[in-house]
Protein chains: 2
Amino acid sequence: MLDSKLLDRLKDSKLKVTLPRRIVLEILSEADKPLNPYEIVDLAKANGKKIDTVTVYRIMDAFEDSNIVHKLKGQSKYMICEHPCDDHCHHQFICDSCGDVSDLHISDESFIGELIKKFPGIKIEAHYFEFSGLCKNCN
Amino acid sequence: MLDSKLLDRLKDSKLKVTLPRRIVLEILSEADKPLNPYEIVDLAKANGKKIDTVTVYRIMDAFEDSNIVHKLKGQSKYMICEHPCDDHCHHQFICDSCGDVSDLHISDESFIGELIKKFPGIKIEAHYFEFSGLCKNCN
DNA sequence: CTTTCTGCAAAAGGTTTGCAGTTAG
DNA sequence: CTAACTGCAAACCTTTTGCAGAAAG
């Protein structure tokens, strides 16, 4: 089921609430990692729901404009933006062995602070950290 | 002119020293930012030198394998790798305003060390850091 | 002389555009 | 009812593959 808070975010935007948009939101919120449009279409199909890839591209554009999702700059992957006003900051650890993805609760300051010191003048608005390796169960 | 140290890196690898490879190296070393294959072809043309795009793609693959260039994750942009290092680890800063991408040479230890302390038992094999905001020119 | 490399053509993959029909508000 | 949205087709751009000829070592 689609989380009601997410649905509210969609309602609060100037976007119309349509079936494809609900499906995309549901898939993104259930995914534990960023997804690209093709992956979203595939997951939808796996759930018995068909959406056109082009539609997903357009939905992602609209969601990005409305700050509902965050697009990873490098990859064309998207993830739900949980703290729209705070920042689009994410830290995750992906186990190469069992595939488990965990969200790391690490303090931003220790990472970001050092960076600012090293590169004075820049302003960091968002960040995404991804680590992979072996989790403590698989190590 | 092509820097002799760079040329040596090419000679030291198992790759043959060919004209297209010299051109690519020269362009990359003169560029102050990461370039994608199309940009390399265009800059070559601007210097009166014609290379096929496919050739550039293949050259970049070979250079990456030989640790001569570093590929920015996702961006399909390449830059001369001054510190031939573990190519699984990337730190990039993307300016939201001018789109400039810079690769940050920050020590892994400061970032990774803290993480290991906090999550004992995990083994980190690769990481990807992405920061975005405003570069010092746009800030 | 052998193996690697290049350039061309074509295929494959990812993303965007145009348009007619549909649906939310 | 109207503006926004979807789905399909097709265009477009990026990247990969296959192959014959050229060049490096």
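In what follows, chains are A, B, ... by sequence order, proteins preceding strands, each numbered from 1.
Taking every heavy atom of residues 45-52 of chain A and every atom of DNA chain D, pairs under 4.0 Å involve A/Lys50, A/Ile51, A/Asp52, by number. Contacts between residues 11-22 of chain A and DNA chain D, defined by a heavy-atom separation under 4.0 Å, are made by A/Leu15, A/Lys16, A/Thr18, A/Pro20, A/Arg21.
Contact annotation: the side chain of B/Tyr38 never approaches that of B/Val56 to less than 4.5 Å [non-hydrogen atoms, C-beta and beyond]. Counting only heavy atoms from C-beta outward, the side chains of B/Asp42 and B/Glu39 never approach each other to under 4.5 Å.
The interatomic distance linking A/Ile59 (CD1) with D/dA4 (C1') rounds to 12 Å, in whole Å. What separates CG of B/Leu35 from C1' of D/dT14 is a distance of 16 Å, to the nearest Å. For the pair A/Arg58 CZ and D/dA3 P, the interatomic distance rounds to 19 Å; values are reported in whole Å. Atom OH of A/Tyr57 is separated from atom P of C/dG18 by 18 Å (rounded to the nearest Å). B/Asn36 has its CG atom 14 Å from the P atom of D/dC13, to the nearest Å. Protein atom CG of A/Leu10 is 13 Å distant from nucleotide atom P of C/dA24, rounded to whole Å. Following rounding to the nearest Å, B/Tyr38 (OH) and C/dG14 (C1') show an atom-to-atom distance of 12 Å. Computed from coordinates, the B/Asp61 CG to C/dT4 P distance equals 16 Å when rounded to whole Å.
The CG atom of B/Leu10 sits 12.5 Å away from the NZ atom of B/Lys16 when rounded to the nearest 0.5 Å. The CD1 atom of B/Ile40 sits 9.5 Å away from the CG atom of B/Leu25 when rounded to the nearest 0.5 Å. Taken from CZ in A/Arg58 to CZ in A/Arg21, the straight-line distance is 10.5 Å, to the nearest 0.5 Å. If you take CG on B/Asp12 and NZ on B/Lys5, they are separated by 13.0 Å, rounding to the nearest 0.5 Å. Here the CG atom belonging to B/Leu7 is positioned 10.5 Å from the CD atom belonging to B/Glu26, to the nearest 0.5 angstrom.
Computed from C1' positions of five pairs at each end, the angle between the two local axes of the helix from C/dC1-D/dG25 to C/dG25-D/dC1 equals 40°, rounded to 10 degrees.
When the side chains of ILVMFWY residues are joined at heavy-atom separations under 4.5 Å, either directly or via intervening members, A/Val54 and A/Leu15 end up in two distinct hydrophobic clusters.
Here the rule is side chain to side chain contact (heavy atoms under 4.5 Å, CB included) with B/Val69, and of B/Leu28, B/Val24, B/Ile59 only B/Leu28 fits it.
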